[in-house]
> 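Sending over a structure as structure tokens; questions will come in a sec.
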There are 2 protein chains.
Amino acid sequence: MTFSYSGRVTEQVMRRPVAGVTVTVDLVIFTVRQERLQVLLIERGQGPFLGQRALPGGFIRPGETLDEAACRELWEETGLDSRQLHLEQLRAYSEPSRDPRGRVITVAYLALGPDLPLPVAGTDAAAAHWTPVYAPDGKGLSLAFDHDEILRDGLERARSQLEHTTVAAAFCPEPFTIAELRGIYEAVWGFKLDPSNFRRKVTRTEGFLNPTGGRRFPDVGRPAALYQRGPAELLLPPLLRTSEVAFL
Amino acid sequence: MTFSYSGRVTEQVMRRPVAGVTVTVDLVIFTVRQERLQVLLIERGQGPFLGQRALPGGFIRPGETLDEAACRELWEETGLDSRQLHLEQLRAYSEPSRDPRGRVITVAYLALGPDLPLPVAGTDAAAAHWTPVYAPDGKGLSLAFDHDEILRDGLERARSQLEHTTVAAAFCPEPFTIAELRGIYEAVWGFKLDPSNFRRKVTRTEGFLNPTGGRRFPDVGRPAALYQRGPAELLLPPLLRTSEVAFL
DNA sequence: CCAAAAGTGTTGCGTCTACACCCATGG
DNA sequence: CCATGGGTGTAGACGCAACACTTTTGG
């Protein structure tokens, strides 16, 4: 199968609207596993940047919104269900040289979810792997296309969202403890938080956490109360990351 | 120029990328004039929604980034120079039914600038008019396409940006007084601020305002010191709009 | 008992709101 | 002098970082 885009580089054409722009969606999917922030990357099986790592994504289809395309790609490439994750649009990237195949504009999405197993049943998802965002050597990941930039933007957006919204709970498989929720903040922000002050802040915010009544018994120490996500979306007042600066 | 993309042959039609997507940029351009927040609208001279008001915008061209297209449209449709405004990407809108002409995805931009004259010299800009965002009757503006939604999103983004960044100064022709800067916040947020507390906050933030040494003599009252924009971009700590809720 | 983690209390510091007050100008 | 808006001072409320302290479990 082939599709072609034909254009001529004359003055006339320059003023004509671009009919053949190709639009893709790319996904920055974060989770926290092994106490580290990890991003889902695929190994490219074809085309440019073959063998290199990249964000999952793909072309949009005729009747689809970008949101729908993002959900579909999420499913096709990772086997994850969009109902289990928080999904939001990041922004569009449009450098003409960003894709060697031609004019491809991509709209990036940010997805945040719990540490789910990736059903690798024979699909494209076979090439998908969780990868720590903070490399041990502190170097970047060097992804295909402009995906390093997209990843940076996604990381900054995720960090900011944790301050102002309750999305952090989307990282936690229910039911979860306050210590687990705190672990999310610590992994995403890259520094430790005071357990007692953190607890006060999240419990004060009405509608953030619903106590289930149950408790979790760790190997050692006092058992922790269990919670589910509440209806609140916004965090008022915000939970600010002051002073401390994370690497990357 | 031709480029080709080869994919698998299964499910041919559904898996084929969309070649015919058209991409536009639309601009939400805000200014404050006559102590009110106003948005630049054009009256549509053709095509669908003829005669109805809409946000300025247009098709992207082959070699252009979205940012460049936004700058160009700004110039073509309003005669404004992008160096005089703050310009940032808002987000992409992709409902398949949003444009009756076919599949058109638009990337919206937010522009904030001082109350500049619109050079209307024979260009498309003739149809451009500043329009108060808060209609006296409290009703929406009913713009073409999904531009009401884009405008709402732009307004919310502008309000949020005032809290966390120094862009408010982009609304003020230099040099400006602190009272003028406060007027920007009041117009965008839709409620009054305490003059003395406002002054303290903005003067405390290092790099927000540079005193010129000059003063402005009003018709009545003590003269005000004049300032220029400083190098700072971020507002730390943020200037929060607590409690009060603006209409719309 | 001890170790470890959950959870509470308290203190001191900084910021914000509200409002009183002073300053500089034109009339 | 007064009116008007620019600009400063200050007291009380509030939020938060830091850290001591208590509670609840397993070993």
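Basis for what follows: all heavy atoms, side chains included, without hydrogens, waters or symmetry-related copies. This is a predicted model, so every value here is computed, not measured.
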> Would you call A:Arg241-A:Glu156 a salt bridge at under 4.0 Å N-O?
yes
> Expressed in angstrom and rounded to an integer, what is the separation of A:Leu193 atom CG from D:dC19 atom C1'?
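Atom-to-atom, A:Leu193 to D:dC19, this comes out as 16 Å.
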> Rounded off to whole Å, could you give me the CZ-to-P distance for the B:Arg241 and C:dT17 pair?
14 Å
> Could one point to a donor on the side chain of B:Arg222 or the base of C:dA24 with an acceptor on the other under 3.5 Å away?
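In this structure, the two groups form no donor-acceptor pair.
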> Can you check the A:Arg182 CZ to C:dG7 P distance for me, whole Å?
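For the pair A:Arg182 CZ and C:dG7 P, the rounded distance is 10 Å.
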> Hey, does B:Arg204 reach any base, or is it just sugar-phosphate, or nothing, if we go heavy atoms under 4.0 Å?
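Answer is sugar-phosphate: B:Arg204 comes under 4.0 Å of backbone atoms only.
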> Can you see whether A:Asp115 engages A:Thr31 through a side-chain donor-acceptor pair at a distance of less than 3.5 angstrom?
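There is no such pair between these side chains.
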> Would you indicate whether B:Glu233, at its atom CD, is surrounded by more than 12 heavy atoms from other residues, nucleotides or ligands within a distance under 6.0 Å?
no
> Relative to the 5' end of DNA chain C, which residue comes earlier, A:Gly221 or A:Ile178, by the nucleotide with the nearest heavy atom?
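On the 5' side of the pair lies A:Gly221.
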> Among C:dA6, D:dA20, D:dG9, which is the nearest nucleotide to the side chain of B:Ser196?
D:dG9
> Between the base of C:dA4 and the side chain of A:Asp219, is there any donor-acceptor pair under 3.5 Å?
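Answer no: no donor N or O sits under 3.5 Å from an acceptor.
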> How do B:Lys201 and B:Phe217 order along DNA chain C: which one's closest nucleotide is nearer the 5' end?
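Final value for this comparison: B:Lys201.
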> Any side-chain N or O of B:Arg215 below 4.0 angstrom from OP1/OP2 of C:dA24?
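Checking C:dA24 against B:Arg215, no side-chain N or O comes under 4.0 Å of OP1 or OP2.
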> Just how far, in rounded Å, is C1' of C:dT15 from CG of B:Leu239?
13 Å
> Calculate the interatomic distance between A:Leu209 atom CG and C:dA6 atom C1'; express it in whole Å.
15 Å
> If I take atom CD in residue B:Glu186 and atom P in nucleotide D:dG5, what distance separates them, rounded to the nearest angstrom?
13 Å
> Output the single nucleotide from C:dT17, D:dA18, C:dA6 whose closest atom is nearest the side chain of A:Asn197.
D:dA18
> If we only count heavy atoms from C-beta on, is the A:Asp194 to A:Phe198 side-chain gap below 4.5 Å?
no
> Checking all strands, does A:Arg216 fall into the base, sugar-phosphate, or nothing category for heavy-atom contacts under 4.0 angstrom?
nothing
> Taking the side chain of B:Arg200 as heavy atoms from C-beta outward, which of C:dA18, D:dG7, D:dT24 is closest to it?
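Nearest to the side-chain atoms of B:Arg200, counting from C-beta on, is C:dA18.
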> With nearest nucleotides of DNA chain D determined for A:Asp194 and B:Arg199 from heavy-atom distances, which residue corresponds to the more 5′ nucleotide?
B:Arg199
> Check this for me: does any side-chain nitrogen of one of A:Arg53 and A:Glu43 sit under 4.0 Å from a carboxylate oxygen of the other?
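No, A:Arg53 and A:Glu43 are not salt-bridged.
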> At under 4.0 Å between heavy atoms, what does A:Pro223 touch on the DNA or RNA strands: base, sugar-phosphate, or nothing?
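Sugar-phosphate: the residue A:Pro223, judged by heavy atoms under 4.0 Å, touches backbone atoms but no base.
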